[in-house]
Amino acid sequence: MDALVRPVVDPTFAAGALAFLLGGVALGTASGLVPGLHANNFALLLAGFAPSVPADPLFVGVAMLGAGVVHSFLDIVPALALGVPDAATAVAALPGHRLVIAGRGREALRLSAVGSGLAVALAVPLAVPITWLMVRWYPALRAHLPLLLGGVVALLVLTESSRRAAVGGLLAFLASAALGFATLDADPAAPLSTGGVLAPLFAGLFGVPVLVDALGGEGVPPQADARVAMRARDLGTSAGAGSLAGAVVGYVPGVSAAIAAVAAMPAVPRASADRGFVVATSGASTANTVFALFALVALGTPRTGVTVAIDRAGVPFALPMLLVAAATAACFGFALVVLVGDPYLRIVGNADYTRLSVGVLGLLGLVSYAFAGAFGVGVLLVAGALGLFPPRVGARRVHLMGVLIGPLMVG
C-alpha cells in the first residue's frame with residue numbers, strides 16, 4: 001500500500017525551481033531598472049552557461065522566463081524617471097512623461113503594474129483560442145509575411161500625429177532597416193561567446209537616446225499621491241486591448257510589444273488616453289513575453305530573445321511548470337514596481353542627471369563590448385545617434401523596429 005503513495009510535489013525539485021526563479025527575478029530586476037539593458041541579454045548568457053550548470057535544464061528555463069516577465073513589469077520605472085522633458089515641452093512628451101510632469105508618476109507606476117498583471121491573468125483564458133487560431137493561420141501568415149510587415153509599417157506611419165512626423169517616422173524606419181542589414185549577420189569577436197549585436201543595437205536605439213536627452217535635465221518633479229484616477233471600466237478596456245494585441249504579435253516575427261501597443265490605442269478610451277496608453281503598453285509588453293512561450297511550444301519558433309535562449313538551452317517544454325513560473329514571477333514583478341518604483345522616482349529626481357546618465361551610458365558601452373567587442377561599441381554609437389532622430393521630428397521611436405522588420409521583409 002505504501003508503495004502506491006507518491007508525493008504530489010517533490011520538495012527538492014520545488015526548492016530548486018524556486019531558487020532558480022528567484023535568480024531570474026533578480027536578473028529581471030537588474031535589467032528592468034537599467035535603460036538599454038534587457039532580460040534577453042541575461043537569458044542568452046544563461047543559455048551559454050546552461051550546459052555547464054549542474055541542474056535540470058528546466059530550472060534554467062524557469063530563471064530565463066522569470067527574468068523576462070519581471071523585466072516586462074519593471075522597465076516602466078526608468079522609462080518614467082529618465083528623460084523627463086522640461087514642462088515647456090511636455091506636450092510633445094510621451095504619455096508617461098506627461099503624467100510624471102503633472103506629479104502623477106506614482107499613479108503611472110501602478111497603472112503599469114495593473115496592466116501587466118491583468119495581461120498575465122488574461123493569458124490563461126486567451127491562450128487556447130489564440131494559439132489554436134495562430135497555428136491554423138501560421139502557414140498563410142508565413143507565406144505573406146512581407147505583406148503583413150509592410151502593413152504594420154504603413155499603420156505606424158499613417159497613425160503619426162502630423163505629416164512631418166509621418167515622413168520622419170518613415171525615414172527612421174528606412175535608416176534603422178539599413179542598420180539591420182549592415183549588422184544583424186555580423187559575428188564579431190567578443191569576450192562573451194554567447195554575445196551578438198542585438199544587445200548594442202537595442203541599447204543604442206532605445207536606451208542611449210533616453211540617457212542623452214536626460215543630460216542636464218531638471219529631474220523628476222515632486223510627485224503627488226498614488227491614487228489611480230482612472231475608471232475601472234476604462235482600465236480594464238485598456239489592459240484587455242493591450243494584452244490581446246501583445247498576445248497576437250507574440251506569434252509574428254519582428255513585431256514588438258511597442259507595435260502591439262500602437263495597434264491597441266484605438267480601443268483606449270479618449271477620456272483617459274495618457275493613462276490608457278501606459279496600461280495598454282505594459283499589458284502588451286507582458287502579454288508578448290508570455291505568449292512568445294506559447295508560440296515556441298506550438299510552432300517551434302522562438303519570437304523573443306528569452307525564447308531564443310530557452311530554445312538554445314534545450315529547455316524541456318513543460319508548459320504547466322513554465323506557466324506557474326511566469327505567474328509567480330508576475331506576482332514578484334507587481335510587488336517590485338510599487339516597492340522599488342516610488343523610491344526610484346524619488347532618488348533619481350534628486351540625483352545629478354548628468355552624472356547618472358554618463359554612468360549608465362558607460363555601463364551600456366561595457367555591455368556592448370562584452371557582447372560584440374569593439375564592433376559592438378561602434379554599433380552602439382551609430383544606433384544611439386539614429387535613436388535621437390524620431391523625437392526631433394515628433395515621431396515615435398517604435399519606427400526604429402525597422403532594424404528587424406526591414407531584413408525580415410526582404411529575407
Side-chain angles (χ1 to χ4, degrees), residues 35-36 38 40 75 79 83 92-95 141-142 144-186 196-213 242 245-246 248-266 277 280-281 284-285 288 292 303-305 378-411:
H38 199 279
N40 295 347
D75 59 359
L94 289 170
L141 183 153
R142 188 70 197 176
H144 299 91
L145 184 60
L147 184 62
L148 174 63
L149 294 177
V152 169
V153 175
L155 172 69
L156 295 176
V157 171
L158 294 175
T159 54
E160 279 293 358
S161 57
S162 67
R163 180 178 296 180
R164 180 172 182 261
V167 172
L170 180 59
L171 291 175
F173 170 81
L174 294 173
S176 61
L179 182 61
F181 281 116
T183 60
L184 285 176
D185 290 334
V197 296
L198 284 179
L201 268 178
F202 282 93
L205 291 172
F206 301 104
V208 168
V210 173
L211 294 164
V212 171
D213 286 341
V248 171
V249 304
Y251 296 85
V252 183
V255 181
S256 68
I259 295 173
V262 174
M265 282 310 294
F277 179 88
T281 301
S285 177
N288 182 260
R303 292 282 174 258
T304 64
V379 169
L380 179 76
L381 294 173
V382 174
L386 178 56
L388 291 168
F389 171 70
R392 268 63 182 176
V393 294
R396 298 179 296 246
R397 278 200 183 97
V398 70
H399 298 285
L400 299 174
M401 283 305 299
V403 73
L404 295 183
I405 295 177
L408 281 170
M409 288 176 67
V410 175

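It should be emphasised that the depicted structure is a prediction, and the values quoted were computed from it without experimental measurement.
- Legend: residues meeting side chain to side chain contact (heavy atoms under 4.5 Å, CB included) with A172, ordered by chain and number and at least two apart, are F389, P390, H399, L400.
- In this structure F277 satisfies the side chain to side chain contact (heavy atoms under 4.5 Å, CB included) test together with P95, M265, T281, sequence neighbours excluded.
- For S161, the side chain to side chain contact (heavy atoms under 4.5 Å, CB included) criterion is met by A165, not counting sequence neighbours.
- Here the closest heavy-atom approach between residue L155 and residue T159 is recorded as O-OG1, 2.7 Å.
- The distance from the CG atom of L174 to the CG atom of L179 is 12.5 Å, given to the nearest 0.5 Å.
- Residues I259 and I405 are in side-chain contact: their nearest non-hydrogen atoms beyond the backbone lie under 4.5 Å apart.
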Indicate every side-chain donor-acceptor pair of residues 197-210 with a distance under 3.5 Å to a residue at least two apart or in another chain.
none

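- Pairing each heavy atom of G402 with each of S176, the nearest pair is CA-OG, 3.4 Å.
- Listed by first and then second residue, the salt bridge (charged side-chain N to carboxylate O under 4.0 Å, His left out) pairs that reach into residues 384-401 are E160-R396, D213-R392, D213-R397, sequence neighbours excluded.
- With sequence neighbours left out, the side chain to side chain contact (heavy atoms under 4.5 Å, CB included) criterion links L145 to L141, R142, L148, L149, V252, P253.
- Nearest heavy atom pair, residue A177 against residue G406, reads CB-CA, 3.9 Å.
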